[in-house]
Amino acid sequence: MHENLVMICITAFTAVFSLLALLAAVMEGITRLAAAPATATVKKAAPPAASSPKATPAPSVATHDQARIAAISSAYRRLFPDKSVIHIEEIG
């Protein structure tokens, strides 16, 4: 009885491991086929003019965009407390 149980466990482990390896290979292939072009780059923002006030989003910006801007600013402030976000540009 125990030999049978051990064989069942080994077979199940091998089957699951093989299936996960196959899925990983498929995901790798899909990622390579649907990869973004390598020419996409992040543009650095020019520093604001000394006389201009701190950049703020336009009043017409949607609420979800304001939430994204707040989240990005908050995360950046935690990582770099002495810096501030002055320009956010969506690429793509």
Side-chain angles (χ1 to χ4, degrees):
M1 176 73 178
H2 290 286
E3 296 85 20
N4 226 3
L5 182 60
V6 170
M7 265 326 260
I8 291 172
C9 290
I10 290 172
T11 305
F13 179 79
T14 305
V16 169
F17 187 79
S18 299
L19 183 62
L20 288 175
L22 176 68
L23 288 175
V26 168
M27 287 177 61
E28 179 70 23
I30 290 172
T31 326
R32 286 181 190 256
L33 288 174
T39 59
T41 59
V42 177
K43 296 180 182 178
K44 290 188 177 181
S51 63
S52 70
K54 201 172 198 177
T56 56
S60 64
V61 174
T63 306
H64 60 83
D65 287 342
Q66 291 174 350
R68 287 180 188 164
I69 291 169
I72 291 169
S73 298
S74 174
Y76 191 82
R77 197 175 313 116
R78 282 188 190 165
L79 293 173
F80 307 103
D82 57 333
K83 308 286 185 198
S84 65
V85 176
I86 56 167
H87 181 77
I88 300 172
E89 183 177 337
E90 185 175 344
I91 299 176

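Below 30°, between 30° and 60°, or above 60°: for Phe80 and Tyr76 the angle between ring planes is between 30° and 60°, a tilted geometry.
No donor-acceptor distance shorter than 3.5 angstrom exists from the side chain of Ser74 to the backbone of Ala70, with no hydrogens or angles considered.
For the atom pair CG (Asp82) and CZ (Arg77), the distance works out to 12.5 Å, reported to the nearest 0.5 Å. Residue Met27 holds its CE atom at 12.0 Å from CG of Leu22, rounded to the nearest 0.5 Å. Thr14 contributes atom OG1, which lies 12.5 Å from atom CG of Leu19 (distance to the nearest 0.5 angstrom). Remark: Ile69 CD1 to Ile88 CD1 distance equals 5.0 Å, nearest 0.5 Å. Note that CD1 of Ile86 is 11.5 Å distant from OG of Ser73, once rounded to the nearest 0.5 Å.
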